[in-house]
Amino acid sequence: MTSELLLAFILFAFVTSVTPGPNNMMLLASGVNFGIRRSLPHMLGISLGFMLLVAAVGLGLGQLFEQFPPLYTALRYGGAAYLLYLAWKIAASGAPDADGKATGKPFTFLQAAAFQWVNPKAWIMAIGAITTYTPQEGFLVNVLLIAALFALVNCPSVGLWTVAGSLLRRWLDRPRVLRAFNIGMALLLVASLYPILIDVKGSL
């Protein structure tokens, strides 16, 4: 991989990782409700789970979807349905307990890693990385390099959303305000599905 292509890919990885999407909306909410320390497994699960997804796409899973487009469409709609469930969970976490703390639990490492496989934005990012930035010469090595670099760029990028959520905690310590925030995050998570579903509709 040339240095120019490498720099272009790193910029791609940063922009796609740091812009709003399902992972970042959930991390912002997790930072508010649970703080940075309790959200660390969620952050690491996103990065390592996504790394495995990119590697799998590069090693042939992406070709399977190209040969059988209905499988890809089914995956995206299934992922959208799961995101709606997560949005409901985020909205429900706004109900504080007797101590005034948000109820519910943060994502575990395994939950966050597994979520990448049904996250429509993650699939778009992974396929884009492999098809656009992976040279054919030394393809296997380049796939593994792309996957590893994406994880390295992704972790601090999504971490910014967790930090932002943690910084907001002091202004969201009242039960009603916290509930309103979580409902707002749930609605933004649902809104993040719009371009994905429109893209699916256009491809049918």
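These figures come from a predicted structure and were not determined experimentally.
- Closest of all the heavy-atom pairs between Asn119 and Pro22 is OD1-CG, 3.6 Å.
- Cluster membership check: Val141 does not share its hydrophobic cluster with Phe139, using side-chain heavy-atom separations under 4.5 Å among Ile, Leu, Val, Met, Phe, Trp and Tyr.
- Formation of a donor-acceptor pair under 3.5 Å by the Trp161 side chain with backbone atoms of Val18 is found in this model.
- Between Ser47 and Asn154 the shortest side-chain heavy-atom distance falls below 4.5 Å.
- At least one side-chain heavy atom of Cys155 sits less than 4.5 Å from a side-chain heavy atom of Leu44.
- Here the shortest heavy-atom pairing between Ala129 and Thr134 reads O-OG1, 3.3 Å.
- Side chains of Leu59 and Leu140 form a contact here, defined as non-hydrogen atoms less than 4.5 Å apart.
- In this structure, Phe115 and Met26 have side chains that are in contact, with non-hydrogen atoms separated by less than 4.5 Å.
- Contact check for Ile124 versus Thr16: no side-chain heavy atoms found under the 4.5 Å cut-off.
- Using a 3.5 Å distance cut-off with no hydrogens or angles, the side chains of Gln116 and Asn23 do pair a donor with an acceptor.
- Ring orientation note: the planes of Phe150 and Phe12 are nearly perpendicular, at an angle over 60° on the 30°/60° scale.
- Shown here for Ala147 and Met51, the closest heavy-atom pair between the two residues is O-CG, 3.3 Å.
- Ser166 approaches Ile36 most closely through the heavy-atom pair CB-CG1, 3.6 Å.
- The two residues Ile130 and Val57 make their nearest non-hydrogen contact at CG1-CG1, 3.9 Å.
- A donor-acceptor pair under 3.5 Å links the side-chain atoms of Trp123 to the main chain of Trp117, judged by distance alone.
- Remark: the Ser17 side chain and the Ser157 side chain contain no N/O donor-acceptor pair separated by less than 3.5 Å.
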